[in-house]
Amino acid sequence: AEVTGVQTCALPISEMDVQLQAAVAESIRVAKQPAAPDVGPVINAKALEGSHPVGADGSLWRSKVKLIEARYQGMRRVKGDGNCFYRSLLMGWMERLLTLPMNERSLVWTRLIPEVSADLANQMADQARRKELLLLAAAFAKRTRLLCENGATEDQLLAAARKSEETGESLRWLRLVTADRKSTRL
């Protein structure tokens, strides 16, 4: 029905209420489900074979998958949310950290992060951005150092890189570092 140029729904009010209640109930059900991790578990590259369309001739895709399998032990699916590149980079760093002897982990990270940050900060013209970079670097280094000094397990180190709400400062530091590197190379 139409009332003064406005389209109204043809359903009776009571049926609209039922549909609205069903929609709200579905929203609540979905909201209560555990969120998928921002970074998934390690999977074999072979898992890629069936996950992407291969077109008329799948031989090119299969050869790419074989190349990936030969070069990498495994891979992780990363949730595409605007931070996926930085989260992937952070996961790679954490996984690299795990290959070091326990007594070297903390030293490498407390030295690497401040040195890279100080070098970049000295090249930045924007004082506010320089200050933010150094503050984020200090927080990132401290968080990682504490994990290492407390003998964090592999699961704890990787969990430290997995979730956005836990890695916000680290991801922001990585964004500043990569943005600065990109702008100096262009």
Side-chain angles (χ1 to χ4, degrees), residues 27-45 47-48 51 68-69 71-186:
S27 295
I28 291 170
R29 184 190 67 75
V30 168
K32 288 183 178 180
Q33 291 178 346
D38 294 337
V39 179
V42 175
I43 59 171
N44 187 301
L48 289 177
S51 65
I68 292 170
E69 282 180 304
R71 291 188 179 178
Y72 301 97
Q73 293 176 347
M75 56 195 324
R76 297 174 186 273
R77 294 188 189 276
V78 178
K79 179 179 167 186
D81 65 352
N83 281 320
C84 49
F85 168 77
Y86 305 100
R87 190 171 295 104
S88 297
L89 185 58
L90 184 57
M91 282 298 293
W93 279 4
M94 289 300 193
E95 287 175 334
R96 171 70 178 113
L97 184 63
L98 291 170
T99 66
L100 298 174
M102 189 66 91
N103 61 345
E104 290 181 29
R105 292 179 187 179
S106 179
L107 293 174
V108 169
W109 282 87
T110 55
R111 205 174 38 224
L112 174 70
I113 296 166
E115 286 176 7
V116 167
S117 300
D119 180 47
L120 288 177
N122 289 335
Q123 299 171 32
M124 289 178 159
D126 183 350
Q127 194 69 12
R129 195 169 174 186
R130 179 185 304 176
K131 182 179 178 182
E132 181 184 16
L133 176 72
L134 294 173
L135 288 172
L136 290 169
F140 183 28
K142 179 181 178 183
R143 181 171 178 258
T144 307
R145 186 189 81 242
L146 289 173
L147 282 167
C148 293
E149 287 176 350
N150 292 325
T153 65
E154 178 176 346
D155 286 342
Q156 289 169 321
L157 283 172
L158 295 179
R162 274 200 174 107
K163 300 231 178 207
S164 294
E165 63 272 7
E166 298 168 12
T167 59
E169 290 179 340
S170 304
L171 296 176
R172 178 70 182 144
W173 177 80
L174 286 168
R175 280 183 173 277
L176 286 171
V177 168
T178 56
D180 187 71
R181 282 294 186 211
K182 238 170 64 175
S183 68
T184 58
R185 303 229 191 280
L186 297 177

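If you read the sequence from its start, that first residue is 1, and numbering goes on from there. Note that the coordinates shown come from a computational prediction; the quantities given were computed from them, not determined experimentally.
- Glu69 meets the side chain to side chain donor-acceptor pair (under 3.5 Å) test with no other residue; sequence neighbours excluded.
- When side chains are defined from C-beta on, Glu95 counts as touching Val42, because their heavy atoms get closer than 4.5 Å.
- Scored by the side-chain contact (heavy atoms from CB on, under 4.5 Å) test, Lys131 finds Leu135 as partners (sequence neighbours excluded).
- Contact check for Phe85 versus Thr178: side-chain heavy atoms found under the 4.5 Å cut-off.
- Scored by the side-chain contact (heavy atoms from CB on, under 4.5 Å) test, Leu134 finds Ser117, Ala121, Arg130 as partners (sequence neighbours excluded).
- Of the inter-residue distances, the one linking Glu104 atom CD with Leu97 atom CG reads 10.5 Å to the nearest 0.5 angstrom.
- Two residues are said to be in side-chain contact when any heavy atoms from C-beta on lie closer than 4.5 Å; Leu174 and Trp93 meet this criterion.
- Distance OG1/Thr99 to CE/Met94: 13.0 Å, rounded to 0.5 Å.
- Contact annotation: the side chain of Arg87 never approaches that of Leu90 to less than 4.5 Å [non-hydrogen atoms, C-beta and beyond].
- Exactly one of Arg175, Met91, Arg172 qualifies for a side chain to side chain contact (heavy atoms under 4.5 Å, CB included) with Tyr86. That residue is Arg175.
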Given side chain to side chain contact (heavy atoms under 4.5 Å, CB included), test Val39 with Lys79 step by step and report yes or no. CA-CA 6 Å; Val39 179; Lys79 179 179 167 186; over 6 Å; no
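- Qualifying side-chain contact (heavy atoms from CB on, under 4.5 Å) partners for Asn122, counting only residues two or more places apart in sequence or in other chains: none.
- Contact between Ala45 and Ile68 at its shortest, heavy atoms only, is CB-CG2, 3.7 Å.
- A donor-acceptor contact shorter than 3.5 Å is absent between the side chain of Arg77 and the backbone of Gly40.
- Considering only heavy atoms from C-beta on, Met124 comes within 4.5 Å of Leu133 through its side chain.
- In this structure Arg143 satisfies the side chain to side chain donor-acceptor pair (under 3.5 Å) test with no other residue, sequence neighbours excluded.
- The line from CD of Gln127 to CD of Glu132 is 13.0 Å long, rounded to the nearest 0.5 Å.
- By the side chain to side chain donor-acceptor pair (under 3.5 Å) test, Arg111 is found to be paired with no residue, residues two or more places apart in sequence or in another chain being considered.
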